[in-house]
Amino acid sequence: MASKSLIQSVKGTREFYPEEMAQRNFIYEKARQASQMFGYQEWDAPFLETIELYAAKSGEELVKEQSFVFPDRGGDLITLRPELTPSLARMIAQKQNELAFPVRWWSFGPFWRYERPQRGRTREFFQWNVDMLGVNSPEADAELVAIAATFLRLVGLTPQQAAIFVNNRRLMDAQFDALGIPPEKRLDVSNAVDRRSKMEPAKWDEYALELGLSPSQLTGLKQILADYDLWQKSDELVRLFRALEALGVKDYVQFDPNIMRGLLYYTGTVFEAFDVSGSVRRAILGGGRYDNLLRDVGGDPLSGVGFAMGDVVVGILLKEKGLIPPFVPSPAPVLVTVFDDSLWMQSYALAAELRAAGMNVITYPEPAKLPKQFKFADRMGVKITLVLGPDEALAGKVTIKHLVTATQETVSRAQVVQAVQRLLHST
RNA sequence: GCGGCUGUAGCUCAAUGGCAGAGCACUUGACUGUGGAUCAAGGUGUUGUGGGUUCGAGCCCCAUCAGCCGCCCCA
């Protein structure tokens with residue numbers, strides 16, 4: 001096996017051959033389109049950060065177990081960024097008095113987490129982040145949900161294929177209070193709710209009782225989690241859904257009391273998108289409102305709302321549903337053949353002329369038999385192939401073959417550019 | 001970090017402990033001025049890697065690496 005002698009890639013990293021690169025760019029382009037449709041600006045943060053940035057705010061597990069950390073040559077501990085939010089908080093805090101609020105920013109870049117690779121999870125991935133800071137309202141939350149929904153629509157995922165499930169932390173806290181669940185148990189109970197869909201009902205009941213819930217509290221909790229009209233008791237959610245309807249994305253969004261999200265810093269609206277057909281069980285994207293983000297890095301208190309989407313899960317989904325545009329091996333739709341040594345430079349000059357007219361053009365890199373050159377053109381997905389052979393050279397002409405329709409014509413050298421342009425536009 | 005499954009041609013996969021296989025793809029030719037189609041001839045290979053058991057290992061055992069499934073966590 002040839003790979004035996006090759007040095008392996010680092011575990012969990014990904015190699016982007018042109019086909020995979022096209023897929024990554026497709027996701028990037030749609031993320032950008034959705035972001036810009038709502039007026040968000042692209043930004044980015046360092047890929048390398050000190051470990052202190054995350055130690056201050058992120059969950060312990062994320063820093064201790066799931067980050068790539070290594071000493072630099074000076075002995076400082078450097079982290080390959082596992083998430084973007086702490087960097088965002090710092091950058092906002094640094095310019096808190098100069099920025100025009102609300103800040104609407106989006107970003108798409110690489111992140112690293114030292115986890116066990118699996119389907120839908122790698123150690124190196126790209127993540128789309130969208131945040132709005134400085135406005136604390138359900139309508140602002142709705143805008144972020146709408147951006148996520150717009151992305152789903154732009155990539156061709158229908159509401160029947162992918163849906164966004166929304167809940168509200170404050171609503172759930174109020175419900176927990178009503179059941180007499182003390183505030184210090186909220187986190188445990190939230191985690192239990194998060195885990196519920198993965199456990200067998202009987203085992204989950206057992207687990208919930210072990211957390212210290214009374215049987216009546218458990219019964220009450222299960223009633224809450226089955227109540228899909230519960231959102232009507234939350235003013236915030238009522239306003240959120242009203243705004244989603246006005247924004248034209250309500251068909252993608254449902255209330256679900258089972259959505260909690262593990263992250264500590266969410267304080268209000270939380271949401272997650274899933275593949276409804278159930279092929280990939282992981283969340284496509286997730287986010288929510290966070291109130292105290294900047295305070296923790298030394299800035300003035302500032303509320304924000306945002307979400308993040310990894311490229312891996314959505315990539316699997318898009319591939320499965322056949323939503324990735326067909327891959328074209330060459331970005332050039334035109335190939336100029338090279339007939340023989342004596343006509344080689346004339347072919348190159350012809351190619352240069354077409355390029356000067358704004359077209360992407362590849363040449364065959366050396367003289368070769370025409371069948372070989374046409375075969376290559378076919379494999380590259382080229383639409384038009386030009387032949388400048390002895391007959392054409394003598395007559396001052398060029399033969400243009402359209403590979404898609406299998407038709408060809410011979411035109412005078414002076415008319416080649418126009419003729420090729422016409423052909424390209426007609427298909 | 002924990003538990004389980006898998007690893008054979010470039011790809012998808014077969015072979016009871018007893019001589020390396022199929023389809024697709026690839027190369028060349030039939031076609032010396034025209035791609036896909038057809039036909040013919042062909043490399044298709046240290047059976048992931050390193051040990052062990054055995055007269056003999058793709059198959060059994062151990063280790064290791066990688067991928068996949070679950071736990072944990074999350075995008």
Side-chain angles (χ1 to χ4, degrees), chain A residues 1-14 17 27 31 58-67 81-85 107-130 148 191 194-195 198-199 203 260-264 266 271-275 280-287 306-317 335 337-340 343 364 367-394 399-408 410:
Chain A
M1 204 177 207
S3 61
K4 186 189 72 152
S5 60
L6 296 176
I7 294 167
Q8 281 186 339
S9 57
V10 174
K11 178 174 179 168
T13 59
R14 293 148 75 207
Y17 289 84
I27 293 169
S58 303
E60 262 187 52
E61 172 135 11
L62 189 63
V63 179
K64 281 203 224 157
E65 307 287 344
Q66 299 186 347
S67 292
R81 62 180 188 182
E83 60 166 334
L84 191 63
T85 308
S107 181
F108 187 94
F111 294 84
W112 294 265
R113 286 191 193 168
Y114 196 81
E115 294 185 284
R116 180 137 186 194
Q118 269 176 49
R119 179 177 166 83
R121 189 176 70 186
T122 58
R123 287 184 172 181
E124 186 175 55
F125 57 96
F126 287 80
Q127 190 169 277
W128 176 38
N129 283 268
V130 190
N191 283 335
D194 234 6
R195 207 169 298 174
K198 291 183 183 172
M199 292 176 74
K203 288 212 165 168
M260 293 302 287
R261 296 190 58 73
L263 292 179
L264 297 172
Y266 291 120
F271 58 95
E272 278 182 340
F274 285 95
D275 171 22
V280 186
R281 301 195 63 177
R282 298 175 186 285
I284 300 169
L285 59 86
F307 69 87
M309 180 190 80
D311 71 312
V312 181
V313 170
V314 76
I316 291 171
L317 267 183
L335 178 138
T337 60
V338 175
F339 193 88
D340 60 24
L343 292 163
Y364 204 80
K369 291 177 183 174
L370 280 185
K372 197 171 178 187
Q373 300 192 47
F374 271 84
K375 196 167 227 173
F376 180 73
D378 192 49
R379 289 201 55 176
M380 287 294 110
V382 161
K383 292 199 177 94
I384 293 168
T385 301
L386 304 188
V387 178
L388 210 175
D391 299 344
E392 287 87 353
L394 206 65
T399 297
I400 304 169
K401 177 156 184 179
H402 197 233
L403 294 184
V404 182
T405 57
T407 56
Q408 72 174 45
T410 300

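A note on names: the letters A, B, ... follow the listed sequences, proteins ahead of strands, and every chain is numbered from 1. Excluded from the calculations below are hydrogen atoms, water molecules and symmetry mates; all remaining heavy atoms, backbone and side chain alike, are included.
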*Please report, rounded to the nearest Å, how far the C1' atom of B/rA75 is from the CZ atom of A/R113.*
6 Å
_Counting runs of three or more consecutive pairs, Watson-Crick or G-U wobble, with each distance below 3.5 Å, where are the stems of RNA chain B?_
B:1-7 with B:65-71, B:10-13 with B:21-24, B:26-30 with B:38-42, B:48-52 with B:60-64
_Contacts of A/E115 that satisfy salt bridge (Lys or Arg N to Asp or Glu O under 4.0 Å) - sequence neighbours left out_ = A/R121
_Inter-nucleotide P distance (B/rG58, B/rU53), Å rounded_ = 16 Å
*Under 4.0 angstrom, heavy atoms only, what part of the nucleic acid is A/K375 near: base, sugar-phosphate, or nothing?*
sugar-phosphate
*Round to a whole Å and report the spacing from CZ of A/R123 to C1' of B/rA66.*
11 Å
*Can you tell me, in whole Å, how much space there is between the P of B/rG17 and that of B/rC72?*
39 Å
_Mind checking if A/A308 touches a base, just sugar-phosphate, or nothing, with heavy atoms under 4.0 Å?_
sugar-phosphate
*Give a yes or no on whether a donor-acceptor pair under 3.5 Å exists between the nucleobase atoms of B/rA75, that is its base, and the side chain of A/R121.*
no
*Figure out the CD/P separation between A/Q118 and B/rC73, and round it to whole Å.*
14 Å
*Whole-Å C1' distance, B/rA9 and B/rU34*: 33 Å
_What is the distance, to the nearest angstrom, from the CG atom on A/D194 to the P atom on B/rA75?_
10 Å
*Figure out the NZ/P separation between A/K11 and B/rC68, and round it to whole Å.*
10 Å
*A/M260 CE to B/rC73 C1', straight-line distance once rounded to whole Å*: 17 Å
*asked:* Say we look at B/rG48 and B/rG7: how far apart would their C1' atoms be, to the nearest angstrom?
replied: 6 Å
*asked:* Using side-chain heavy atoms (C-beta onward) and a distance below 4.5 Å, is A/S9 in contact with A/R14?
replied: no
*For nucleotides B/rC69 and B/rA41, find the distance between their C1' atoms and express it as a whole number of Å.*
44 Å
*Using the C1' atom on both, measure B/rC24 against B/rC19 and round to a whole Å.*
27 Å
*Quick one: does A/F108's side chain get under 4.5 Å of A/Q127's, heavy atoms only?*
no
*Under 4.0 Å protein heavy-atom contacts per nucleotide of nucleotides 28-33 of chain B, with B for base, S for backbone only and - for none*: -S---B
*So, A/E392 versus A/T399: side-chain donor-acceptor pair below 3.5 Å or not?*
yes
*Residues in side chain to side chain contact (heavy atoms under 4.5 Å, CB included) with A/A377, at least two apart?*
A/L335, A/V382, A/T385, A/L403
*Length of the line joining A/R116:CZ and B/rG70:P, which is rounded to integer Å*: 12 Å
*Remember a base hit wins even if backbone is also touched, and classify A/G12 as base, sugar-phosphate or nothing at under 4.0 Å, heavy atoms.*
sugar-phosphate
_Selection from B/rC73, B/rG4, B/rG35 that lies nearest to any side-chain heavy atom of A/E115_ = B/rC73
*Does the ring of A/F376 lie flat against the base of B/rG35, closer than 5.5 Å centre to centre with planes under 30°?*
no
*Start at the 5' end of RNA chain B and walk down; is the nucleotide closest to A/F374 or to A/Q127 reached first?*
A/F374
*Which residues satisfy the side chain to side chain contact (heavy atoms under 4.5 Å, CB included) test with A/R195, sequence neighbours excluded?*
A/N191, A/M199, A/Y207
*Set of residues satisfying side chain to side chain contact (heavy atoms under 4.5 Å, CB included) with respect to A/P371, sequence neighbours excluded*: A/K369
*No-H, no-angle donor-acceptor pair, A/E272 side chain to B/rA75 base, under 3.5 Å*: no
*asked:* According to side chain to side chain contact (heavy atoms under 4.5 Å, CB included), who are the partners of A/K11, at least two apart in sequence or on a separate chain?
replied: A/P117, A/R123
_Residue list, side chain to side chain donor-acceptor pair (under 3.5 Å) with A/T407, at least two apart or on another chain_ = A/T405
*asked:* Return the CE to CG distance between A/M309 and A/N129, rounded to the nearest 0.5 Å.
replied: 10.0 Å
_Separation of the P atoms in B/rG21 and B/rU47, to the nearest angstrom_ = 14 Å
*asked:* Once you apply a heavy-atom cut-off of 4.0 Å, does A/L403 come out as touching a base, just sugar-phosphate, or nothing?
replied: base
*When we call it a touch if two heavy atoms are under 4.0 Å apart, what does A/T122 touch: a base, just sugar-phosphate, or nothing?*
base
*Please name all residues satisfying ring-ring contact (aromatic ring centres under 6.0 Å, His included) with A/Y364, sequence neighbours left out, ordered by chain then number.*
A/F376
*Rounded to the nearest Å, what distance is computed from the CD1 atom of residue A/I316 to the C1' atom of nucleotide B/rC68?*
11 Å
